[in-house]
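Here's the structure, in structure tokens; my notes come after.
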6 protein chains.
Amino acid sequence: MTGKPARESVVEMAEVVLPQDANTHGTAFGGKIVQWIDLCAGMAAARHCRLPVVTASMDDLHFHAPLKIGHNALLTAKITAVFRSSMEISVRVMAENPLTGERSLCTSAYLTFVGLDAGGKPAEVPPLIAETPEELDAVARAKERRAARLSRAEQRRG
Amino acid sequence: MTGKPARESVVEMAEVVLPQDANTHGTAFGGKIVQWIDLCAGMAAARHCRLPVVTASMDDLHFHAPLKIGHNALLTAKITAVFRSSMEISVRVMAENPLTGERSLCTSAYLTFVGLDAGGKPAEVPPLIAETPEELDAVARAKERRAARLSRAEQRRG
Amino acid sequence: MTGKPARESVVEMAEVVLPQDANTHGTAFGGKIVQWIDLCAGMAAARHCRLPVVTASMDDLHFHAPLKIGHNALLTAKITAVFRSSMEISVRVMAENPLTGERSLCTSAYLTFVGLDAGGKPAEVPPLIAETPEELDAVARAKERRAARLSRAEQRRG
Amino acid sequence: MTGKPARESVVEMAEVVLPQDANTHGTAFGGKIVQWIDLCAGMAAARHCRLPVVTASMDDLHFHAPLKIGHNALLTAKITAVFRSSMEISVRVMAENPLTGERSLCTSAYLTFVGLDAGGKPAEVPPLIAETPEELDAVARAKERRAARLSRAEQRRG
Amino acid sequence: MTGKPARESVVEMAEVVLPQDANTHGTAFGGKIVQWIDLCAGMAAARHCRLPVVTASMDDLHFHAPLKIGHNALLTAKITAVFRSSMEISVRVMAENPLTGERSLCTSAYLTFVGLDAGGKPAEVPPLIAETPEELDAVARAKERRAARLSRAEQRRG
Amino acid sequence: MTGKPARESVVEMAEVVLPQDANTHGTAFGGKIVQWIDLCAGMAAARHCRLPVVTASMDDLHFHAPLKIGHNALLTAKITAVFRSSMEISVRVMAENPLTGERSLCTSAYLTFVGLDAGGKPAEVPPLIAETPEELDAVARAKERRAARLSRAEQRRG
């Protein structure tokens with residue numbers, strides 16, 4: 001299977017934070033931000049493998065700062081590593097103040113998606129071609145996260 | 001007031017068309033697509049003038065082809081011309097088939113937004129700097145559309 | 001094909017503007033108003049032709065005044081002209097202050113819908129019978145708008 | 001306080017039943033229909049008293065027939081009786097098949113709304129002027145329903 | 001058909017009242033509360049009969065007190081009586097102040113659901129086994145409500 | 001500050017999976033499930049500390065099996081450990097087939113919430129009283145997860 005560079009599946013998404021997205025503190029509801037993250041990561045995963053994909057897990061989802069109503073949420077999803085039928089995707093959400101243009105990190109997360117064949121079973125996906133030092137480093141860290149994830153999963157079962 | 005190039009306020013937005021966005025034909029509901037167009041154009045207008053903005057009008061909104069559930073909607077908003085306190089914005093919506101990567105034009109529209117001062121009154125916005133032949137041509141056509149719009153408005157009143 | 005008078009397909013719709021319909025200025029979000037306009041016009045088009053219909057375009061959509069949260073939106077859709085398989089529909093949205101009963105025009109638009117046959121192809125729709133001087137005048141203006149629309153479309157392509 | 005005829009506060013509302021309104025049987029979700037009923041009755045109540053209003057109760061809400069996705073819901077709300085600060089409103093929901101124009105009763109209900117003064121306390125509302133035999137009959141039946149309602153409420157407490 | 005105790009189908013549901021659930025008074029929109037009530041009662045009905053179910057009617061739906069944004073809605077649905085193919089369900093909605101833990105009754109209602117066979121026709125459902133004095137009393141009152149409901153329905157037709 | 005047993009803040013939530021919650025595979029959209037998880041965990045956190053709370057992070061969010069439209073989602077949130085101003089909450093989502101009553105694990109996650117004082121700054125929350133061997137074990141594992149989380153966070157910065 002031919003590999004595919006990470007840059008080919010990058011997805012950029014922009015959303016206006018509307019009053020209907022508010023939590024009871026008057027900032028964006030966490031569940032809504034995660035919904036955008038899930039969609040953005042899913043688009044990147046599908047662009048990489050050109051298969052139907054499903055979310056398998058989310059990790060290290062951090063809400064660094066609240067997202068204000070009326071501000072924009074700018075999401076970027078990028079594949080960090082591929083493991084046979086699963087893909088780890090990094091999503092970063094920047095808050096943009098529309099009146100000043102100022103941007104700051106508001107949420108970040110790692111998601112794992114699985115590509116599916118016609119029968120709904122996990123399917124092999126193209127290997128990832130890491131082209132820059134940052135991309136190579138991302139692969140290494142994704143492997144560590146995956147090892148930690150599997151060891152935690154084993155611990156839960158054991 | 002210092003001018004601003006059109007490229008500085010371009011907005012790119014990506015949306016997954018979900019079952020809850022469907023009309024009764026099983027494709028994306030027109031009203032939902034227009035909602036995305038309005039938000040995307042509004043973000044571009046705010047980036048140009050860094051003021052609160054409101055939609056004043058929409059024109060030449062064409063649904064060229066239906067947008068299928070499960071496909072992605074990729075929107076691009078770009079300022080075409082500026083008229084003292086109003087900005088005309090062109091929005092193009094491409095449909096992306098996630099399994100093939102194929103893209104095709106599904107909707108296009110021109111919107112006019114107005115920048116507002118602290119009292120909610122129309123405020124002067126930065127002139128547009130058209131840098132390419134396409135951008136200069138866009139300004140010329142925007143002027144024609146505006147003239148036609150004003151003449152139709154007069155006709156309605158008269 | 002037997003003609004049908006414009007009054008037989010008029011649709012009246014009423015909506016309460018709720019907090020979840022708000023934009024970041026605390027008035028109704030433009031995209032939401034357009035959604036109501038699209039649904040109201042679609043009901044009128046379907047009543048005229050008794051076929052599945054799809055939105056082809058929107059024009060001269062003007063937001064004359066903001067619509068306040070807690071006020072009512074009263075929409076009226078009326079066929080203005082019929083062109084073989086397409087229908088132009090005028091929609092007017094009045095804002096009603098529920099505490100005073102005062103009404104004022106807040107949004108207006110012209111939409112073009114197409115009737116579809118069983119195979120999803122454009123189908124001939126009943127001619128429109130204009131019965132009043134206003135209805136005859138509406139047909140004349142609709143023809144002018146259509147000519148302008150087609151000439152603008154040609155210009156875009158050319 | 002001057003009375004007001006029932007016909008002056010009648011509200012007509014039209015909604016398209018969209019796929020996102022569906023229950024798991026593929027027809028309109030009961031909760032969604034009740035939401036429309038509540039809004040329609042509230043508009044009628046506010047038109048009668050020109051005060052902020054709140055829903056106090058709903059009774060005899062019957063789902064006579066399912067409402068199909070793609071059909072229209074046509075609601076009519078009419079004041080049946082007034083009791084100092086409360087108003088009983090009858091709402092009938094007709095289903096319209098857009099391809100045939102056929103209409104049939106799908107849901108009906110009686111709602112009681114209360115008018116509120118500036119402090120949020122129940123406020124006296126204009127008496128109802130029943131003008132037709134049907135309206136006089138409606139008042140009589142509303143009184144019976146109110147008596148039964150109060151006796152059931154007492155029973156619950158007692 | 002074997003009977004089933006009421007306690008086996010009790011459903012408890014908890015919802016946070018979010019800003020998007022607000023009416024124009026800044027408390028939860030009645031239509032939204034009814035939507036939760038309908039879902040909660042439907043879950044209880046399905047647990048009792050293990051069949052697809054539809055809402056047939058709602059009665060004595062009382063809004064005792066407003067439900068504040070940011071508070072929790074705690075719903076409890078319990079079968080009160082069974083009549084061959086229909087089930088009466090009592091739903092009580094308590095408001096919980098998250099900062100104090102204080103709870104108070106905000107809404108209550110009786111709903112009637114019907115179990116459906118594979119062809120969508122009413123199907124016999126398991127009899128209810130009332131085990132406590134309260135449950136026996138609930139059955140008796142449900143019978144009275146049903147008799148009153150049928151007599152009112154007859155009156156409407158007659 | 002007086003401690004509080006874990007059982008006092010347990011939250012149980014039930015949701016019907018409706019067609020509008022579907023992803024493009026016809027099962028519940030991951031973003032929607034996470035929204036329910038966030039709300040359920042937030043209710044438990046607020047019950048523990050009786051303060052406004054915000055989501056700080058989510059970890060080990062696993063989608064074990066898809067959740068079908070028409071099935072019920074039964075969520076349970078329970079505090080696993082408290083660290084001065086933050087609380088770790090475990091949420092488990094069971095899928096219930098309404099026709100058989102069968103239940104199976106569909107999603108699980110750990111969330112960290114922070115209690116806020118009147119100025120919006122992190123506030124000390126009551127210590128957790130673990131009463132059973134399972135609860136004591138949960139505290140131990142939560143400490144390990146927290147250590148791993150902090151070490152990963154340091155790695156990202158370093």
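Chain letters run A, B, ... following the sequence lines, proteins first and then strands; every chain starts at 1. Predicted, not measured: the structure shown is a model, and the values here were computed from it. For the numbers below, each heavy atom of this structure counts, side chains included, while hydrogens, waters and symmetry mates do not.
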Under-4.0 Å salt bridge between B:E8 and B:R47: no

Charged N-O contact under 4.0 Å between B:R7 and B:E131: yes

Heavy-atom proximity to chain C below 4.5 Å, by part of B:H25: side chain

Any C:E135 side-chain heavy atom under 4.5 Å of C:K78 side chain: yes

Heavy-atom pair count under 4.5 Å with chain C, highest-scoring of B:D38, B:N23, B:L61: B:L61

Top of C:V54, C:T24, C:T107, C:V34 for chain B proximity - count of heavy-atom pairs under 4.5 angstrom: C:V34

Residues B:R149, B:D59: salt bridge by 4.0 Å N-O rule: yes

Proximity of residues 109-120 of chain C to chain B, residues having a non-hydrogen atom under 4.5 angstrom: C:Y110

Any C:R145 side-chain heavy atom under 4.5 Å of B:R152 side chain: yes

Any side-chain heavy-atom pair of B:R103 and B:L74 under 4.5 Å: yes

Over 12 foreign heavy atoms within 6.0 Å of CZ, B:R92: no

